[in-house]
Structures are given as C-alpha cells and as structure tokens.
A.B. asks: 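Sharing a structure with you now.
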Amino acid sequence: MSGAGRHTVPLDVHLIAIRDGAAGPEVLLSRRAGSVYAAGLWHAVSGHVDGPPEDVVAALVRETREETGLVVDPADVRAALTVHHRSPGGRTRVGFFFEVRRWQGTAEVREPEKCDAMGWFPFDALPEPMVAYCRAGLDAYRAGSRLALHFQEPDDPIAYTPDTDRLHIVPAPPADARPRPEQPEQLDRSEQPVWDGPAQSSTAW
C-alpha cells in the first residue's frame, strides 16, 4: 500500500429487471431528469449502497422500491456481473448488476425530480441516448460476462456511442478447469436457514 492511503470507491447497484415481451425479453429502464448526473439519458434503475450497515442486495431492493414501486424479495435477486468503471472526469466506482425476474407491483416513476420516464425495452432496441456505463453493463450481461472493465477517457461523452465504446470483458476460467470439491455432498445447504444479511461486527478492515 502506498503512503497516500487506501484507495476507496463508491459502490453502485444496478437492476436488470427482465420480463417477456412480444418480441422477446425486455429490460426496465428509466430516463434521468432534473439536476442529477447525466440528465436526459436512459439508465437502469440504480443507486448507491448506504454505508456499512447495508449490503448490495439490500441496496438493490431498497432502490428498486424507491424508484419504481416494485417490491423485490431478496431471495429472487440473482448476481449478473460486476463492472469497474471510470467516468470521463476520472472518478472510479464499482457497479454490481443484478438480474431480477420476479417482483410485486407495476413499475412507475416514483421520483419525478430524478426521473421523467420509465419503460420496457427489447435488448435489440435499447433507447438513446443511454449512459455509456449502463450500456456497458447491459452489453457485458448479454455476452454472459461476470466481470467487465469500462474505463472512459477524458474526452469521451457520458452517453454511449459505438466509436467510444470502452467495454472490456474479463474472461472467466473454463468451467472444467476449476478445482472441484472432493465431497460435493458437504456443500448441500438446502436444509440451512435462508441468508438474511450479514451479522453485525465491530471488526474494522
């Protein structure tokens, strides 16, 4: 570690809500508005982790309800991928993208000061303009990636354009190359209680 101290970054959560549409799967997107970053651009429902007491799944459930009114059971949240992002301004962050296919309620704009439109879109007909960070996450998700880098350059636009696409997919090891446990039956946790969040701890990292 350098003498400057540890590097810290914000943690984002992004909802990839999927429903069956007439032409195939559709994803829920919202258009940012008002004084927020990237106003006028389309983006996935998203937000930040509210400090150490909140984990990324709890943050996704909370942000989804606050922004759309949809109620998501944490047990229905699926890990999609992680994106390490750098904006044109040079700030970095880590985004956790989660797939959700079950919920209660109907999606609608709940924070009009931050969002002025919301809708379902086929993956082959995503709306424009879209935040490049979000587009990178969706493209990596469609490619089956679990980890991606999206480091923009200082002159890049915030909105996605094909000629400034900075998405880099980090390959995963082949499934057959990963070590296998000698006794898989010991990993059966079907009879154990469902995880409901981390225990409180006073340990500082």
Side-chain angles (χ1 to χ4, degrees), residues 12-33 36-47 56-57 60-61 63-65 67-72 76-88 93-112 114-153 155-172 174-175:
D12 300 336
V13 292
H14 302 255
L15 173 70
I16 304 179
I18 306 293
R19 75 173 188 182
D20 293 328
E26 296 177 338
V27 60
L28 180 66
L29 299 172
S30 61
R31 188 171 62 196
R32 301 172 68 82
V36 301
Y37 179 78
L41 277 59
W42 289 89
H43 198 282
V45 174
S46 61
V56 291
V57 172
L60 180 84
V61 170
E63 290 285 356
T64 298
R65 186 163 190 168
E67 294 187 22
T68 72
L70 296 180
V71 178
V72 174
D76 291 325
V77 176
R78 300 290 180 265
L81 78 150
T82 303
V83 179
H84 190 191
H85 166 71
R86 182 181 68 195
S87 71
R93 60 203 318 113
V94 174
F96 294 85
F97 288 70
F98 295 97
E99 177 193 285
V100 174
R101 293 177 180 264
R102 295 178 57 186
W103 55 80
Q104 294 180 355
T106 301
E108 61 183 7
V109 175
R110 288 293 186 93
E111 297 179 323
K114 300 178 182 179
C115 167
D116 63 4
M118 186 173 293
W120 296 91
F121 299 90
F123 280 94
D124 291 329
L126 296 175
E128 296 180 351
M130 177 179 285
V131 176
Y133 175 22
C134 175
R135 176 60 185 262
L138 293 178
D139 287 347
Y141 166 75
R142 296 186 71 192
S145 173
R146 302 305 298 271
L147 176 64
L149 307 178
H150 186 251
F151 268 39
Q152 293 182 281
E153 299 296 332
D155 293 333
D156 287 351
I158 298 172
Y160 168 79
T161 60
D163 57 337
T164 58
D165 185 0
R166 306 297 181 186
L167 174 62
H168 172 72
I169 292 176
V170 179

A.B. asks: CZ of Arg78 to CD1 of Ile16: how many Å apart, nearest 0.5 Å?
C.D. replies: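 These two atoms lie 14.0 Å from each other.
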A.B. asks: Compare all side-chain heavy atoms of Thr164 with those of Pro157 and state whether any distance is below 4.5 angstrom.
C.D. replies: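 A side-chain contact under 4.5 Å exists here.
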A.B. asks: Looking only at non-hydrogen atoms, find the nearest pair between Trp42 and Gly119 and report the distance.
C.D. replies: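 Trp42 and Gly119 have their closest heavy atoms at CZ3-N, 4.3 Å.
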A.B. asks: Determine, stepwise, if the pair Arg86 / Glu153 fulfils salt bridge (Lys or Arg N to Asp or Glu O under 4.0 Å).
C.D. replies: CA-CA 8 Å; Arg86 182 181 68 195; Glu153 299 296 332; 3.7 Å; yes
A.B. asks: At their closest point, which heavy atom of Pro129 faces which heavy atom of Gly40, and how far apart are they?
C.D. replies: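 That closest heavy-atom pairing would be CG-O, 3.8 Å.
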A.B. asks: Ignoring hydrogens and angles, tell me if any N or O in the side chain of His168 forms a donor-acceptor pair with the backbone of Leu149 under 3.5 Å.
C.D. replies: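 A pair under 3.5 Å: no.
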A.B. asks: Where is the tightest heavy-atom contact between Ala143 and Ile169, given as atom of each residue plus distance?
C.D. replies: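 Looking at all heavy atoms of both residues, the shortest contact is CB-CD1, 3.7 Å.
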A.B. asks: Just wondering, do Val13 and Leu15 contact through their side chains at under 4.5 Å, heavy atoms?
C.D. replies: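 A side-chain contact is absent here, since even the closest heavy-atom pair is not under 4.5 Å.
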A.B. asks: Could you walk me through whether Leu81 and Leu147 pass side chain to side chain contact (heavy atoms under 4.5 Å, CB included), step by step?
C.D. replies: CA-CA 5 Å; Leu81 78 150; Leu147 176 64; over 6 Å; no
A.B. asks: Check the surroundings of atom CD in Glu111: do more than 12 heavy atoms from other residues, nucleotides or ligands lie under 6.0 Å from it?
C.D. replies: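 Atom CD in Glu111 is crowded, with more than 12 foreign heavy atoms closer than 6.0 Å.
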A.B. asks: Leu60 vs Thr64, test: side chain to side chain contact (heavy atoms under 4.5 Å, CB included). Steps then yes/no.
C.D. replies: CA-CA 6 Å; Leu60 180 84; Thr64 298; 4.1 Å; yes
A.B. asks: If I take atom CZ from residue Arg102 and atom CD1 from residue Ile18, how far apart are they, to the nearest 0.5 angstrom?
C.D. replies: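 If we round to the nearest 0.5 Å, Arg102:CZ and Ile18:CD1 are 15.5 Å apart.
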A.B. asks: At what distance, to the nearest 0.5 angstrom, does CG of Leu41 lie from SG of Cys134?
C.D. replies: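 Separation between the atoms: 10.0 Å.
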A.B. asks: Less than 4.0 angstrom from a charged side-chain N to a carboxylate O is my criterion; do Glu67 and Arg110 meet it?
C.D. replies: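 Looking at Arg110 together with Glu67, the answer is no, because their closest N to O distance does not fall below 4.0 Å.
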A.B. asks: Measure the spacing between CD of Glu26 and CG of Asp124 and express it to the nearest 0.5 Å.
C.D. replies: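 Between atom CD of Glu26 and atom CG of Asp124 there are 11.5 Å.
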A.B. asks: Supply the atom-to-atom distance Arg166 CZ to Arg135 CZ, rounded to the nearest 0.5 angstrom.
C.D. replies: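 Taking CZ in Arg166 and CZ in Arg135, the distance rounds to 15.5 Å.
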A.B. asks: Cys115 and Val109: which non-hydrogen atoms are nearest, and at how many Å?
C.D. replies: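 Cys115 and Val109 have their closest heavy atoms at O-CG1, 3.3 Å.
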A.B. asks: First locate atom CG of Asp116, then atom CZ of Arg32, and finally report the distance between them rounded to the nearest 0.5 Å.
C.D. replies: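 The CZ atom of Arg32 is 11.0 Å from CG of Asp116, to the nearest 0.5 Å.
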A.B. asks: Give the intermediate values and the outcome of side chain to side chain contact (heavy atoms under 4.5 Å, CB included) for residues Leu138 and Met130.
C.D. replies: CA-CA 11 Å; Leu138 293 178; Met130 177 179 285; 4.3 Å; yes
A.B. asks: Quick one, Met118 with Leu28, criterion side chain to side chain contact (heavy atoms under 4.5 Å, CB included). Give me CA distance, side-chain angles, the key distance, then yes/no.
C.D. replies: CA-CA 7 Å; Met118 186 173 293; Leu28 180 66; 3.7 Å; yes
A.B. asks: Which atom pair, heavy atoms only, marks the closest approach of Tyr133 to Arg93?
C.D. replies: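 The answer is CE2-CD, 3.8 Å.
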A.B. asks: Just wondering, do Ile158 and Tyr37 contact through their side chains at under 4.5 Å, heavy atoms?
C.D. replies: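 SC-SC contact between Tyr37 and Ile158 confirmed.
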A.B. asks: Please state whether the rings of Phe151 and His84 are parallel, tilted or perpendicular, taking 30° and 60° as the class boundaries.
C.D. replies: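 Answer is perpendicular, since the angle exceeds 60°.
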A.B. asks: So do Val27 and Trp120 actually touch side chain to side chain, heavy atoms under 4.5 Å?
C.D. replies: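 Contact flag for Trp120/Val27 side chains = no.
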A.B. asks: Testing Phe97, Phe98, Phe96, Tyr141 one by one against His14 for a ring pair (Phe, Tyr, Trp, His ring centres under 6.0 Å), which residue passes?
C.D. replies: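 Exactly one candidate clears the test, Phe97.
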A.B. asks: On a heavy-atom basis, which atom in Pro88 and which in Gln152 lie closest, and how many Å separate them?
C.D. replies: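 So the minimum-distance heavy-atom pair works out to CD-OE1, 3.2 Å.
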A.B. asks: Flag the pair Val94 / Asp12 as yes when at least one side-chain heavy-atom distance between them is below 4.5 Å, and no otherwise.
C.D. replies: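 Answer no - side chains too far apart.
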A.B. asks: Counting N and O atoms only, with roles assigned by atom type, does the side chain of Arg101 sit under 3.5 Å from a partner on the main chain of Ala17, one being a donor and the other an acceptor?
C.D. replies: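 Flag not set: sc Arg101 to bb Ala17 has no pair under 3.5 Å.
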